[in-house]
Amino acid sequence: MTTTLELADKLAIHELLSRAAYALDERDLEMLATSFALDARFSMRIAGGDLVGPFHSREGIMDLMTGAMAQQTDKRRHVVSNIFFPDEPHADSEGEGIPVISNLTLFATEGGAIALLSAGVYHDCVVQREGRWELVSRHLELDKSY
């Protein structure tokens with residue numbers, strides 16, 4: 001799949017990934033939900049283990065995210081970096097849309113101390129619908145549990 005994206009589209013996709021991370025950290029559920037398409041899918045694999053998911057639909061993904069948030073006592077920071085656009089989507093991404101790969105570095109602050117919790121790679125596919133870019137598929141490969 002070779003798709004030439006305009007610079008404005010690449011910038012909008014970068015912003016989408018940043019907004020999703022910010023929304024997760026700030027627990028802005030509306031902003032987080034609108035980062036995902038209604039028909040989105042999410043899966044992850046931790047340290048090469050079994051596949052977790054896929055979770056289907058925006059609602060299913062939000063249930064996963066809010067459940068995880070309810071168990072957290074720390075302040076999270078999801079840092080998304082090294083964003084690029086490969087020619088082919090990741091095998092677990094289910095392939096619809098424009099593939100995007102980025103790194104995740106996950107920090108947590110609790111009791112005045114900042115800790116590196118994990119790092120990983122997002123394998124995303126994004127689509128533009130009604131003038132907005134949305135995540136239609138996200139697979140996260142984490143280096144270790146968080």
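In what follows, residues are counted from 1 in the order of the sequence shown.
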Kindly indicate whether the side chain of [X], heavy atoms from C-beta on, has any atom under 4.5 Å from the side chain of [Y].
X: Asp124; Y: Pro99; answer: no
X: His139; Y: Tyr122; answer: no
X: Arg58; Y: Met62; answer: yes
X: Glu15; Y: Leu11; answer: no
X: Met69; Y: Leu29; answer: yes
X: Leu24; Y: Met31; answer: no
X: Val100; Y: Phe84; answer: no
X: Leu135; Y: Leu17; answer: yes

So, using salt bridge (Lys or Arg N to Asp or Glu O under 4.0 Å) as the criterion, who are the partners of [X] when residues are at least two apart?
X: Arg76; value: Asp74
X: Arg27; value: none
X: Glu26; value: Lys75, Arg77

Exercise. Keeping the roles fixed (side chain from Ser118, backbone from Leu142), state whether a donor-acceptor pair exists under 3.5 Å.
Key: no
Check your understanding: Would you say Lys10's side chain and Phe85's backbone share a donor-acceptor pair under 3.5 angstrom?
Key -> no
Could you go through the side-chain contact (heavy atoms from CB on, under 4.5 Å) check for Val126 and Glu134 one step at a time? CA-CA 5 Å; Val126 298; Glu134 302 172 315; over 6 Å; no
[atom2] on [Y] to [atom1] on [X], rounded to 0.5 Å:
X: His56; Y: Ser43; atom1: NE2; atom2: OG; value: 9.0 Å
X: Ser137; Y: Phe36; atom1: OG; atom2: CZ; value: 10.0 Å
X: Gln72; Y: Leu117; atom1: CD; atom2: CG; value: 8.5 Å
X: Asp28; Y: Arg19; atom1: CG; atom2: CZ; value: 8.5 Å
X: Ile13; Y: Leu5; atom1: CD1; atom2: CG; value: 5.0 Å

Partner of Leu104 under side chain to side chain contact (heavy atoms under 4.5 Å, CB included), picked from Val121, Leu140, Val79, is Leu140
### Task
Walk me through it: do Arg45 and Val52 pass the test side-chain contact (heavy atoms from CB on, under 4.5 Å)?
CA-CA 6 Å; Arg45 189 176 315 275; Val52 178; over 6 Å; no
Please confirm whether Arg41 makes a cation-pi placement over Phe55, using NZ or CZ under 6.0 Å from the six-membered ring centre and within 45° of the ring normal. no
Can [Y] be reached from [X] by stepping across I, L, V, M, F, W or Y side chains whose heavy atoms are under 4.5 Å apart?
X: Ile98; Y: Ile101; answer: no
X: Ile114; Y: Leu116; answer: yes
X: Ile46; Y: Ile61; answer: yes

Open item on the list: For Tyr22, I'd like to know if atom OH has over 12 heavy atoms of other residues, nucleotides or ligands within 6.0 Å.
Closed with: no
Task: Closest non-hydrogen atom pair, Lys144 against Ala47 - done: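 Of all heavy-atom pairs spanning Lys144 and Ala47, the closest is CA-CB, 4.3 Å.
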Closest contact, heavy atoms only, Val80 versus Ala21: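 For Val80 versus Ala21, the nearest heavy atoms are CG2-CB, 3.8 Å.
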Query - Criterion side-chain contact (heavy atoms from CB on, under 4.5 Å) on Ser35 and Leu16, from CA distance to verdict - result: CA-CA 7 Å; Ser35 298; Leu16 168 65; 4.0 Å; yes
With side-chain contact (heavy atoms from CB on, under 4.5 Å) as the criterion, how do Glu141 and Met44 come out once you've worked through the C-alpha distance, each side chain's angles and the decisive distance to 0.1 Å?
CA-CA 6 Å; Glu141 290 280 342; Met44 73 175 133; over 6 Å; no
- Note: Arg129-Asp39 ion pair, threshold 4.0 Å (strictly below): yes
